[in-house]
There are 2 protein chains.
Amino acid sequence: MTAKLDRIDLKILRLLQKNGRLSNAELAEKAGVSPATCHRRTQRLFEEGFVREVRAIVTPRKVDKGALVMVGVVLDRSTPESFASFEQAIAKLKFVLDCHLVAGDFDYFLKIRVGDMEDFNRIHGEQLIALPGVRQTRTFFVMKEVVDNAPLEF
Amino acid sequence: MTAKLDRIDLKILRLLQKNGRLSNAELAEKAGVSPATCHRRTQRLFEEGFVREVRAIVTPRKVDKGALVMVGVVLDRSTPESFASFEQAIAKLKFVLDCHLVAGDFDYFLKIRVGDMEDFNRIHGEQLIALPGVRQTRTFFVMKEVVDNAPLEF
DNA sequence: CCGAATAATGAAAGAATCTTCCATGACTGC
DNA sequence: GCAGTCATGGAAGATTCTTTCATTATTCGG
């Protein structure tokens, strides 16, 4: 990383992480280089995949997705086919923000956003426990979002 | 929500969620309105907080943060002071992406990004178990990121 | 159903920005 | 020291932003 990114690249990355809609002119000024140089640097950071995407982050509560739920999942069998089948199915569920295969007491951890508890209970009964190979789930309702999706520090 | 956002607003929000650096001209064309109207709509969506922020999402692996760990935390006491103290301390730890107070077997769930397991072990020993009021932690190393930080569907 | 008031729209235009070209300066390896 | 490579910033035409304004659509009381 340090081999590929100098101080200016890091500055651009951090600025864009804070405000992805900065104009090239503003970015250039804040980074301390000319607009032309800044444009080239930024383009490279995108092309080489340092920036995966630039995304507007919508306020969940404003679009009726104010409830957050963490769910631990245990599968019936720990076979590659079982995992693949589960992962294929979960990728289609739009309310799943995170799905991670983990080592420990669970097979998967899910992070789910829905409108409210009632909403979740319906989804849990109709969609989650119906996923292929699910033996049991453990639900952790989030009562307070202390830190949610903090920007990456580097 | 449906009362405040019409079809065009929703289109703009979804387009910006997919590509936060779309120019107003491109946005206007894709949304099917004039640049002037699109500009006003977009400005309103920002001003009224429908868009929390626009952020470049940096590829974790590219900046030596390729390892993801979920951690369940149990505190010694379940008092308001105990929670407040923990939350205040955790907000200062830059490697913590998520920290949520949950109902269930744990008090908090953490989502943490570090360089590798060794990195995590040092952090766990030096910083996590040293947090105020922590009785025990349970670590779930992420072996595969099936879905990470998916965009909100609405 | 009407009409007035309010709100939203798109064309237009000056200001700002983007994006590329190019000449210059800096660094590298021999 | 020197040739080759690379990064830099100025310049400028093309594009975009952002506001103004006249027009159209919508709302609401009567």
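Numbers restart at 1 for each chain; the letters A, B, ... are given by sequence-line order, proteins then strands.
A donor-acceptor pair under 3.5 Å links the side-chain atoms of B/R21 to the main chain of A/L22, judged by distance alone. Looking only at distances, a side-chain donor or acceptor of B/N24 sits under 3.5 Å from a matching main-chain atom of B/P35.
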Below 3.5 Å is the cut-off: list the nitrogen or oxygen pairs between protein and nucleotides 27-29 of chain C, distance only.
none

Between protein and nucleotides 14-18 of chain D, what N or O pairs are separated by less than 3.5 Å?
| residue | atom | partner | partner atom | Å |
| --- | --- | --- | --- | --- |
| D/dC17 | OP1 | B/N24 | N | 2.6 |
| D/dC17 | OP2 | B/N24 | N | 3.3 |
| D/dC17 | OP2 | B/A25 | N | 2.8 |
| D/dT18 | OP2 | B/H39 | NE2 | 3.2 |

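For B/S34 and C/dT9, the shortest distance from a side-chain N or O to OP1 or OP2 is not below 4.0 Å. Between D/dG9 and A/R40, no contact under 4.0 Å exists linking OP1 or OP2 to a side-chain N or O. Residue A/T37 places no side-chain N or O under 4.0 Å from the OP1 or OP2 atom of D/dA7.
Distance A/L45 CG to D/dA7 C1': 15 Å, rounded to the nearest Å. Taking atom CD of residue A/E29 and atom P of nucleotide D/dG10, one finds them 13 Å apart after rounding to whole Å. Atom C1' of nucleotide C/dT9 and atom CG of B/D9 are separated by 14 Å, given to the nearest angstrom. Between the P atom of C/dA8 and the CG atom of B/D6 lies a distance of 10 Å, rounded to the nearest Å. If you measure from atom CZ of A/R7 to atom C1' of D/dA7, you get 15 Å, rounded to the nearest angstrom.
Applying the side-chain hydrogen bond (donor to acceptor under 3.5 Å, both in side chains) rule to B/D105 yields the partners A/R138; only residues at least two apart in sequence or on another chain are considered.
Between A/L5 and A/F154 the shortest side-chain heavy-atom distance does not fall below 4.5 Å. Between B/T59 and A/F50, every side-chain heavy-atom pair lies at or beyond the 4.5 Å cut-off. Put simply, the side chain of A/D107 does not reach to within 4.5 Å of the side chain of A/V102, judged on heavy atoms.
The minimum heavy-atom distance linking B/V146 with A/L101 is given by the pair CG2-N, 4.4 Å.
No more than 12 heavy atoms of other residues, nucleotides or ligands sit less than 6.0 Å from atom CD of A/Q88.
Between B/K4 and B/D9 there is no salt bridge, since no side-chain nitrogen of the basic residue lies less than 4.0 Å from a carboxylate oxygen of the acidic one.
Here B/R41 lies in heavy-atom contact (under 4.0 Å) with sugar-phosphate atoms only.
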